[in-house]
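Below is one structure, written out as structure tokens; comments come after it.
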Amino acid sequence: MRRLTSAVRLCFVIFSAAIFLYPIIWIISTSFMGAKEFNLRYITGQYGITLIPWRVTFKQYYMLMVENYRFFIFFWNSVLYAFIITAMTVVVAVPAAFVLAKIQFRGRDMLLFLYIIIMMMPFQVTLVPNYIQLRDLGLLNTIWSIILPAAFSSFSVFLLRQYFLSFPDQIIESARLETNSVINILLRIVVPVSKPAIAALMIVTFAECWNLIEQPYIFLANKNLYPLSLVFADLIKELPELTSSAAVIYITPVCIMFFLYKEFIASSLGKMKW
Amino acid sequence: MTLRNLKGKSLIIYFSLMLFITFFSKTLFYHINPKVDVSKPLEKTISVTIELKDEDLSLDADGNLYFDDTVIAEDTDDNDIFCRVTCSKADNIDVSVCTLERKNGSCYIVNSKQISYIEYDNILVELIIGTKKRLFIEEASVIDGKYVYIVYDEVNYFGLKHRVKKIPVKLGISEDRFVEVTDGINPEDLVVTKCDRNIQDGDIVVLSLD
């Protein structure tokens, strides 16, 4: 009976994994397919879907990266947005989270409540006020219209605050004997100890920013400022045979980050007080 | 470098590789693809003429020269026709510009000098009935005597690219190093005149001007 249960479980796991992995494997295998075969299979529909191309070729990558070298404008836009937003998020979220977790002051809970309310709101609710604000500041259609709203993310502050709650108060009290400066305590004691949590926050923020869709679509009119995530819709219409190779290039950094730092993310999230 | 170190640096390797490809992709693009010189076809205005020789011409009793007016289209206005008569007798060649006059289904050549054409051995009449624009391309552009490559723009999400298309053409007269194209290309087409390597239909090319 136990054997049967394990077998059923195994089958379920394999089935679930196959469902989740199939599109990714399909994208990777299709990226090595020739443009002609791609058209025959997926545009004209003369042949069925396959995971094994007739001939493995790097032609798609060549076409994407050499013949359409302007692809890199969008790629580096994505990199720029993701890196700047991640860096700014850390700079903003670390002190804010520390103050909300460890410093007592009047209205702290109210402020936290506001953070949670904003965090719980669907993104689309704040899209229009954000748009009006950015328009009035003259930041629409600039990279700052993407970076600034994302850098002051309430989720990042909340996530780090939960980690800082688990940080022992005794260490901070001991540090207070040496210095009265909160900034010194934060930079010299708290940040070095909280590196895994900050790293986890950076990875989550990077992945989130790498996949930005709505904000650039609404706030940017100049296509040259578009991130790669926004290019796919047009790419499918105009150059469908290059979509797979572009997708592989697109998902690679996030996949590498996940495989490299998955232990970081798991352990940091585990230490957070919920 | 161990595999573990490599794994740790994979993100740096990825972005370095992308940076490298970004810097060299444009150079590679311009290096790999054939570089071509192009030019638009030359438009020349050429006279449309009808040549009438002895057998087409007749002389009346007064020595006036005439021909059957069916040679000229009915709707053609006589005033638009430019008529040049070349007469020769022994070593003497006389060229005169004349007008036309239609009478009873015949078209008479009216010469202001009132020359009697009976005296001449050979008479050649050229009726210039209009002008026509013709396209000329460099002879070097023609492949196998019947094809030319034209460059067309392909615009997609990532910008503009130039591709070549092999099209059949019908050739006319040759003039100097140019040849007339009677059919196949339009005046606004960009015709490949020179290429630094062999090209095929559909190839991406780089214009020398770029």
Side-chain angles (χ1 to χ4, degrees), chain A residues 35-36 58-59 61-80 82-83 86 199 202-203 206-207 210 223-224 226 228 230-243 245-246 248-264, chain B residues 1-36 149 151-166 192 195-210:
Chain A
K36 200 175 172 183
F58 287 91
K59 183 77 178 170
Y61 289 95
Y62 168 78
M63 283 166 74
L64 185 72
M65 295 198 276
V66 179
E67 286 184 4
N68 296 291
Y69 57 85
R70 276 171 54 84
F71 159 82
F72 286 107
I73 292 175
F74 306 105
F75 175 83
W76 290 110
N77 282 345
S78 279
V79 174
L80 183 81
F83 273 95
T86 306
M202 287 171 78
I203 292 159
F206 184 90
W210 192 252
K223 281 194 173 184
N224 285 333
Y226 276 10
L228 196 53
L230 213 57
V231 171
F232 281 93
D234 291 309
L235 200 62
I236 290 166
K237 282 183 223 154
E238 288 189 16
L239 296 161
E241 67 275 16
L242 302 185
T243 319
S245 50
V248 170
I249 292 170
Y250 179 67
I251 60 172
T252 305
V254 181
C255 288
I256 292 173
M257 272 196 168
F258 176 75
F259 285 117
L260 281 182
Y261 306 113
K262 59 180 185 286
E263 291 90 2
F264 254 150
Chain B
M1 189 183 275
T2 64
L3 198 64
R4 202 172 166 181
N5 281 341
L6 203 67
K7 190 185 157 196
K9 290 187 174 75
S10 52
L11 208 58
I12 298 167
I13 293 169
Y14 172 80
F15 282 116
S16 308
L17 187 69
M18 295 310 277
L19 199 65
F20 178 81
I21 297 170
T22 306
F23 277 120
F24 288 97
S25 58
K26 195 175 175 183
T27 317
L28 204 64
F29 177 81
Y30 279 86
H31 185 74
I32 285 177
N33 293 307
K35 195 172 269 187
V36 296
Y149 282 109
V151 175
Y152 65 96
D153 294 341
E154 187 185 271
V155 183
N156 65 28
Y157 199 83
F158 299 123
L160 175 85
K161 278 199 301 277
H162 304 292
R163 281 189 193 274
V164 287
K165 190 176 181 183
K166 192 177 184 181
V192 175
C195 188
D196 65 350
R197 70 196 83 157
N198 284 336
I199 49 173
Q200 287 184 334
D201 194 24
D203 277 358
I204 293 176
V205 292
V206 177
L207 302 187
S208 299
L209 297 170
D210 287 353

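Proteins come first, then strands; the chains are lettered A, B, ... in the order of their sequence lines, and each starts at number 1.
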Exercise: identify the closest heavy-atom pair between V66(A) and F29(B): O-CD1, 3.2 Å
So, for N33(B) and R197(B), which heavy atoms are closest and what is the spacing to 0.1 Å? O-NH2, 3.7 Å
Mind checking whether V155(B) and L160(B) have side chains closer than 4.5 Å, heavy atoms only? yes
If you define the side chain from C-beta out and look only at heavy atoms, does anything of N68(A) sit under 4.5 Å from Y157(B)? no
Strictly under 6.0 Å, is that where the ring centroids of F83(A) and F206(A) end up? yes
The single option from F74(A), F232(A), F75(A) that satisfies ring pair (Phe, Tyr, Trp, His ring centres under 6.0 Å) with Y250(A) is F232(A)
Contacting moiety of [X], where chain B heavy atoms sit under 4.5 Å:
X: L235(A); result: side chain
X: E67(A); result: both
X: V79(A); result: side chain
X: Y226(A); result: side chain

Would you give me the side-chain donor-acceptor pairs under 3.5 Å for residues 253-260 of chain A, sequence neighbours excluded?
none

Check each atom of [X] against the heavy atoms of chain A and say whether the ones under 4.5 Å are side chain, backbone, both or neither.
X: L28(B); value: both
X: K161(B); value: side chain
X: Y14(B); value: side chain
X: I32(B); value: side chain
X: F15(B); value: both

